[in-house]
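Per chain, numbering begins at 1; letters A, B, ... match sequence-line order. Keep in mind it's a predicted model, so treat the numbers as computed, not measured. Basis for what follows: all heavy atoms, side chains included, without hydrogens, waters or symmetry-related copies.
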Amino acid sequence: MDALTYVRKAPAPEEAPPLLSSGALAWARTNLFSSIGSTSVTLGCVALVAYLLPQLAAWATTRAIWSASDGAACRQHQDGACWAFVVAKWDYLRFGSYPGAERWRVDVTEAIGAALIVWLLWINAPRRAWGAFLFFVAYPILALILLRGSSWFGLTSVDTQLWGGIFVSLLTAVVGIVFSLPLGVLLALGRRSSLPAVRLASVVFIEFVRGVPFITILFMANNLLPLFVPETWTPDRLLRPLAGIIIFSAAYMAEEVRGGLQSLGRGQYEAAMALGLKYAPMTGLIVLPQALTLVLPGIVNNFIGLFMDTTLISIVGATDFLEAMNNAIKDPVWAGPTIMVTGYAFAGIFYFIFCFGMARYSAHIEKVRAKGRM
Amino acid sequence: MSSALADDDRRDDAAIRFIGVHKWYGSFHVLRNISLTVARGERIVVCGPSGSGKSTLIRCVNRLEEHQRGSIVVDGVELTDDIKRIDEVRREVGMVFQNFNLFPHLTILENCTLAPIWVRKMPRRDADELATKLLARVRIVDQAHKYPGQLSGGQQQRAAIARALCMTPKIMLFDEPTSSLDPEMVKEVLDTMTALALEGMTMIVVTHEMGFARQVADRVVFMDGGEIVEMNAPLPFFQHPQHKRTKLFLSQILHIQH
């Protein structure tokens, strides 16, 4: 054998990677301490957190007032949060002016809703189609009967003017999400339709709503909606802002979905058409499942925006959670310098938990999709 | 998949007729006066330089592209703007694409059963059975529950062939089925297509695989500049090309391939 021919007889042994190329230490070195500048920024941030965090923690826990019957204790200890205020106002923050004896109806509605949502969001849950049917068809009817009341079932009527608090915020968010996504999908499909009338109507709707602030939409829904329906049927006071939020969110949803539709390759449409699929099955089975998965982060982003926009419905007279908190803070019994900070800190935590939860769920779904299919 | 040759009560004895077909993309004249009759059970290989209109030609057969002049009759049905006729033709014509175009969010089995269930209204169990049979025929039945992204290119293309066959088409169109495959996977796809041809399927194949053309085709069609330049049985086509453009094309691709 000469030097130009070579045949390997045994596999080359596997070697361990160099010590400082993987692991926590290596990560810290490349990301936190790679240069003098980077090291000083890292140390500065650590110092800031070390200075602020203990104070914040002490304000929220050890120095806080946890129970009191009025604002006197909180007025004395002004260096801690007044959680006693939130505890005392808890029922009002949850239910608004919903009559005390009937509040169990809200609890039951919320519990059933939460169970159904978990069923739907749990990817490998058994019989999700059943869950979807119950949530989208049976549950709204049940919720309406429970919350509004119905003489058939012996439930006293509760006017929506009395509804308020967390319950109204969640209701608005769920109704908004459930209706704005399908409406947005229809608008997005309409915008790409080959029928000029459908396309024009979709474009006009989307561009009009996107070109107007949400508050304007709310005022329009509140004041114009009654003009569009027969005089005998006055749209409910709470229904109007709900319609407004659905319309507003649907326009943004439509643009998000359109992005997904456009990024889908032409080949998918051609393959579906070559197999003889008509428009509806092609859209429902091939196009939308892929397009919606593709833009899921954007859709969830819209959901988060919608959830925060629910705080604006108070402008047209509905009492959402933030409005309930505003009302509670004005209570003279609890007047004090720490009340407002405590109340808004609590509201912030509340909104953060829900929005962060949605963001994490979306990230989880993306990971599952990426693992299973690509 | 028996041949359609045996049917003698057909409305038309030819599988496909192109009569004086013209097509333009804007002002660009892609197809110029194409006339071609494909008999039932006939295997046609279409070749030609890129941009010669060969893909456009077969995409006109199932109306993925529409022609603007002349007429195309597929299995006795003339293609017009009438959606019903287009659907009727698409039900009987299978197509295999260069980029497979499998549905990435569905398993291989679901890819195959989708059209039988939704277009042919076949019960799911029957569709599963049919798909499993056809997947076995293209030798990837063990991959049935995987997603397209988990398969090699050759396996994906065979799955795409099985998906088209699940509609029990009378005619199969292949649009450069091996052009985006790694070289070592070309053979497995060509073998599948050869087996299909031997069973008597009517096929139009756009390809540069001249070995396949020699072995399988009844006629080879050479296109250039949107027109059919030369058409002949494989042996004379390769041994004695008549037109100088054919000679030039063959000399270019044959020295690359062999």
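Taking 4.0 Å as the cut-off between side-chain N and carboxylate O, B/Asp75 and B/Arg40 count as a salt-bridged pair. A salt bridge does not link B/Asp126 to B/Arg120: none of the charged side-chain nitrogens sits closer than 4.0 Å to a carboxylate oxygen. Taking 4.0 Å as the cut-off between side-chain N and carboxylate O, A/Glu255 and A/Arg191 count as a salt-bridged pair. With respect to the salt-bridge test (charged N to carboxylate O, under 4.0 angstrom), the residues B/Arg137 and B/Glu199 qualify. Look at B/Arg85 and B/Glu88 and you find no salt bridge, because none of the NZ, NE, NH1 or NH2 atoms lies under 4.0 Å from a carboxylate O. Using a 4.0 Å cut-off between charged nitrogen and carboxylate oxygen, B/Lys23 and B/Glu66 do not count as a salt-bridge pair.
Of all the heavy atoms in B/Cys47 and B/His208, the pair that sits closest is CB-CD2, 4.4 Å.
Proximity to chain A involves both the backbone and the side chain of B/Phe103, based on heavy atoms less than 4.5 angstrom apart. If you measure heavy-atom distances from B/Asn99 to chain A, you find no contacts under 4.5 Å at all. Contact annotation for B/Leu102: only backbone heavy atoms (N, CA, C, O) come within less than 4.5 Å of a heavy atom of chain A.
Annotation: maximal heavy-atom pairing with chain A below 4.5 Å, among B/Leu173, B/Val96, B/Val119, occurs at B/Val119. The candidate with the highest count of non-hydrogen atom pairs below 4.5 Å against chain A, out of B/Thr107, B/Asp87, B/Ile86, is B/Asp87.
Between A/Tyr139 and A/Phe135, the ring planes lie parallel to each other; the angle is under 30°, not in the 30° to 60° tilted range. Taking the six-membered ring for Trp and thresholds of 30 and 60 degrees, A/Phe356 and A/Phe352 have nearly parallel ring planes, at less than 30 degrees apart.
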- Apply ring-ring contact (aromatic ring centres under 6.0 Å, His included) to B/His29 and B/His22, showing your working. CA-CA 8 Å; B/His29 202 170; B/His22 289 264; 5.2 Å; yes
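Screening residues 261-288 of chain A for side chain to side chain donor-acceptor pair (under 3.5 Å), with sequence neighbours left out, gives A/Arg266-A/Glu270, A/Gln268-A/Gln290, A/Glu270-B/Arg59.
The side chain to side chain donor-acceptor pair (under 3.5 Å) check on A/Glu256 picks up nothing, with sequence neighbours excluded.
Close approach to chain A, defined as a heavy atom under 4.5 Å from one of its heavy atoms, is seen in no residue of residues 151-159 of chain B. Listed by sequence position, the residues of residues 109-116 of chain A in contact with chain B number zero, using a 4.5 angstrom heavy-atom cutoff.
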